[in-house]
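Notes follow once the structure below has been shown.
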Amino acid sequence: MQKSLLAQADTISRRLLLAGGVGVLVLAFSGSSSEATPDSLAEAMADALGKDASIKQGRVKVVLPELAENGNSVPLRISVESPMTTSDHVKTIYVFSEQNPIANVVRFHVGPRSGVARVQTSIRLAATQRITVIAQMSDGSFWSGGANVVVTQAACFDGT
Amino acid sequence: MPTTRIVVPAKAKKGDVIEIKALISHVMETGFRHDNFGKLIPRDIITGFTCSYAGEEVFRMDLFTGVAANPFVGFTTIAIETGDLLFEWTDQHGRVTRAQARIEVT
């Protein structure tokens, strides 16, 4: 009797342990799938877009090389799905970095006279990171996209 | 005086979306670097760029330290009428560099 109770206690604790383990796994998983947003990036985004901006995923395509050998000049191409008419167009495209000393990298202001929402430039990258691009539409909605880039030689932001 | 380079198609059909490329020579000094004596090199960057065409601003760009030296930008606009596209770069001290390019629209 005592033994079976013990056995029961044992199985319960094992179950609990398993459940706990699964919980931790799930947590770890959801943590890694959501984008990393360090404080400076979150602050810069809140400043630029407003604190309560609800940002949806999609419509923004970001092209960066997967591997940038030199972080001093990395080609960046952005396109946003939009009819670009007077009533429905992209207003501003924000580019944010999570690793550069300044989270704001560049902003593009476009409009119905752009015809399409497609821009390109060259940016500096201080480290391997994810670049986040957010497009503000004429109806006030925000759409987001991004790209990961591995940087082998960082842009010389410091004294080296 | 910084030098500028502009690429605009010489001719276009009315209503076409045309591709424009613009570049200006500039160090885009970040203000985060030190010289050989350990002194901070002051920030010196271009902060704004605009393109106007047919009486209206059609494109604007805000630049920060994360834009590479000799800032380059590519964007689009719709060909409306024969005329000049005006380009303006403004640095952090308010100095303005201007350039223009003509397009013939048929």
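Each chain gets a letter, A, B and so on, in the order its sequence line appears, and its residues count up from 1. Both backbone and side-chain heavy atoms feed into the values below; hydrogens, waters and symmetry mates do not.
Residue B:Leu23 does not touch chain A at all, counting heavy-atom pairs closer than 4.5 Å. The contact between A:Ser73 and chain B is made by backbone and side chain atoms together, counting heavy-atom distances below 4.5 Å. For a residue to count as touching a neighbouring chain, one of its non-hydrogen atoms must lie under 4.5 Å from one of that chain's; by this rule A:Pro75 does not touch chain B. Proximity to chain B is limited to the backbone of A:Asn72, based on heavy atoms less than 4.5 angstrom apart. Interface remark: B:Phe49 contributes no atoms to any contact with chain A (heavy atom separation under 4.5 Å).
Around CD of A:Glu43, the count of heavy atoms belonging to other residues, nucleotides or ligands within 6.0 Å does not exceed 12. Within 6.0 Å of CZ in B:Arg5 there are 12 or fewer heavy atoms belonging to other residues, nucleotides or ligands.
In the hydrophobic cluster analysis, where Ile, Leu, Val, Met, Phe, Trp and Tyr join through side-chain heavy atoms closer than 4.5 angstrom, A:Phe96 is grouped together with A:Ile55. Note: the hydrophobic cluster containing B:Val8 also contains A:Phe108 (ILVMFWY, side chain heavy atoms under 4.5 Å, direct or indirect links). Cluster annotation: A:Val60 is connected to A:Leu64 through the hydrophobic network of ILVMFWY side chains, with a link wherever side-chain heavy atoms come within less than 4.5 Å. B:Ile20 and B:Ile46 fall within the same hydrophobic cluster, defined by Ile, Leu, Val, Met, Phe, Trp and Tyr side-chain heavy atoms under 4.5 Å apart, directly or through other members. Placement of A:Leu125 and B:Phe72 in two distinct hydrophobic clusters is found when ILVMFWY residues are connected by side-chain heavy-atom separations under 4.5 Å, directly or transitively.
With a 4.5 Å cut-off on side-chain heavy atoms, A:Arg113 and B:Ile80 count as touching. Proximity of B:Phe75 to A:Gln120: side-chain heavy atoms (C-beta onward) are nowhere separated by under 4.5 Å. Counting heavy atoms from C-beta outward, B:Met61 and A:Thr121 have side chains that approach closer than 4.5 Å.
Considering CZ of B:Phe32 and CZ of A:Arg124, their distance stands at 10.5 Å, rounded to 0.5 Å. Atoms CD1 and CD1, on A:Ile102 and B:Ile45 in that order, are 7.0 Å from each other to the nearest 0.5 Å. B:Leu63 contributes atom CG, which lies 12.0 Å from atom CD1 of A:Ile123 (distance to the nearest 0.5 angstrom). Atom CE of A:Met84 and atom OG1 of B:Thr76 lie 6.5 Å apart (nearest 0.5 Å). Atom OG of residue A:Ser114 and atom CZ of residue B:Phe59 lie 7.5 Å apart, to the nearest 0.5 angstrom.
Listed by chain and number, the residues in a salt bridge (charged side-chain N to carboxylate O under 4.0 Å, His left out) with A:Glu69 amount to none (sequence neighbours excluded).
The stretch residues 7-21 of chain B participates, sequence neighbours left out, in these side chain to side chain donor-acceptor pair (under 3.5 Å) pairs: A:Arg118-B:Glu19.
Taking B:Val73, B:Val17, B:Val67 one by one and counting their heavy-atom pairs under 4.5 Å with chain A, the maximum is reached by B:Val67.
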